[in-house]
Participant: 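Here it is, the structure, as structure tokens.
Only a predicted model underlies this, so the values are computations on that prediction, with no experimental measurement involved. When a ligand or atom number is given, it counts from 1 through the structure's own listing order.
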Amino acid sequence: MTWHADLHSHTTTSDGTLSPEALVALAAAQDLRCLAVTDHDTTGAVHAAARAARSHGLQIVAGIEISAWLGHEIHILGLFLNPDDPTLAQVMAGRALQRQERVREIAARLTALGCPIDAEAIVAEAGGRASNVGRPHVARALVAAGHVGHVEEAFRRFLGRDAPAYVPSKPLEARAAIELIHGAGGVASLAHPGIEDIDDQIPVLADFGLDAIEIRHPAHDAERVSRYAGIAGLLRLDASGGADFHTLEGQPRPGDHGVGPEALERLRARAPNPFSLA
Ligand code: AMP
Ligand code: ZN
Ligand code: FE
Ligand code: FE
């Protein structure tokens, strides 16, 4: 089945493989009514998606998926926010610069380890997707340079948490991410809590002002869906859901996971200043 609304998707503006226009065409062909575009740490694809959606009768929700920190990395979705909010833009531009600087630091360590790669080529190639540049890009460069046989080996020997070229990224604190989303008029939903297995931290996030939990997601089986619905009920949080679409290779497609019209309107009503794309 296709859901009424899918509130989690990626484009080439972050690490998806479809342009905003191609994503919209796919979502419309799936008979989806509403799609949130939630690229990693950028709202850069939202306006292009909304323009493309007009001729398809598809509603676009302006969104973002912010990498945030709560003792480890978590992802927080911002939905119904102003994609051009100046504070949001400023903070995300700073994050992108930090990630580029981190790639240079990793490259310097790799040079010292006898496996040089071209950091500037990675940063330049990332271009508009720089908000998400990081270890996967370095791993592919290590493979291309012949220093390792495959990406897994790059992580095991160099880039993994206990490996010699590991440089931690410094995401935004979770509380700051939630406040940033509210400041831009949107609601904050905890993305795929089942991936990080962070049930015990959800009350802390609720204290920070979290509005919702992403209940339906490809990483959540039926047991998790009902568990997160229960936690949301106890903490008076709303529900979001989406397919976290990245690529046509494999499943899922936009609308395979999502929410119905009532949950969509509850979320919109919870936004301090819900943004409408014309
Ligand atoms: P970064 O945000 O730059 O620290 O990169 C994190 C990303 O690296 C994750 O989202 C994964 O896609 C990828 N990654 C982490 N560990 C591994 C691994 N062992 N093998 C392959 N990819 C990995
Ligand atoms: Zn992604
Ligand atoms: Fe995520
Ligand atoms: Fe995602």
Participant: Does Arg156 come within less than 4.0 Å of Glu153, counting only side-chain N to carboxylate O?
Facilitator: no
Participant: Which residue and non-hydrogen atom of the protein lie closest to atom 6 (C) of ligand 1, and at what distance in Å?
Facilitator: Arg135 NH2, 3.7 Å
Participant: Evaluating non-hydrogen atoms only, which member of His137, Glu152, His40 is closest to atom 20 (N) of ligand 1?
Facilitator: Glu152
Participant: Using the ring-ring contact (aromatic ring centres under 6.0 Å, His included) criterion, which residues pair with His257? Sequence neighbours excluded.
Facilitator: none
Participant: Scan Asp41, Asp39, Thr42 and name whichever one has a side chain to side chain donor-acceptor pair (under 3.5 Å) with Ser14.
Facilitator: Asp39
Participant: Please list, in number order, the atoms of ligand 1 under 4.0 Å from a heavy atom of Gly134.
Facilitator: 3 (O)
Participant: Write out the residue and atom name of the closest protein heavy atom to atom 9 (C) of ligand 1, then the distance separating them to 0.1 Å.
Facilitator: Pro136 CG, 4.8 Å
Participant: Quick one: ring pair (Phe, Tyr, Trp, His ring centres under 6.0 Å) pairs with a partner in residues 138-191, sequence neighbours left out?
Facilitator: none
Participant: Does a side-chain heavy-atom distance below 4.5 Å link Pro164 with Leu113?
Facilitator: yes
Participant: Do the non-hydrogen side-chain atoms of Ile195 and His217 ever get within less than 4.5 Å of each other?
Facilitator: yes
Participant: For atom 15 (C) of ligand 1, find the nearest protein heavy atom and state the residue, atom name and distance (0.1 Å precision).
Facilitator: Phe155 CE2, 3.3 Å
Participant: Mind listing the protein N/O/S atoms less than 2.8 Å away from the Fe ion (ligand 4)? Waters don't count.
Facilitator: His8 NE2, His10 NE2, Glu65 OE1, Asp244 OD1
Participant: Contact between Val61 and Leu267 at the side-chain level, heavy atoms closer than 4.5 Å - yes or no?
Facilitator: no
Participant: Show which atoms of ligand 1 fall inside a sub-4.0 Å distance from at least one heavy-atom site of Arg102.
Facilitator: 1 (P), 3 (O), 4 (O)
Participant: Could you list the atoms of ligand 1 found under 4.0 angstrom from a heavy atom of Arg99?
Facilitator: 1 (P), 2 (O), 3 (O)
Participant: Taking only residues two or more places apart in sequence or in another chain, which ones pass ring-ring contact (aromatic ring centres under 6.0 Å, His included) with His47?
Facilitator: none
Participant: Return yes when at least one protein heavy atom is under 4.0 Å from atom 13 (C) of ligand 1, and no when none is.
Facilitator: yes
Participant: Could you check Glu265 against Arg268 for salt bridge (charged side-chain N to carboxylate O under 4.0 Å, His left out), going step by step and ending with a plain yes or no?
Facilitator: CA-CA 5 Å; Glu265 291 317 314; Arg268 192 199 307 272; 2.9 Å; yes
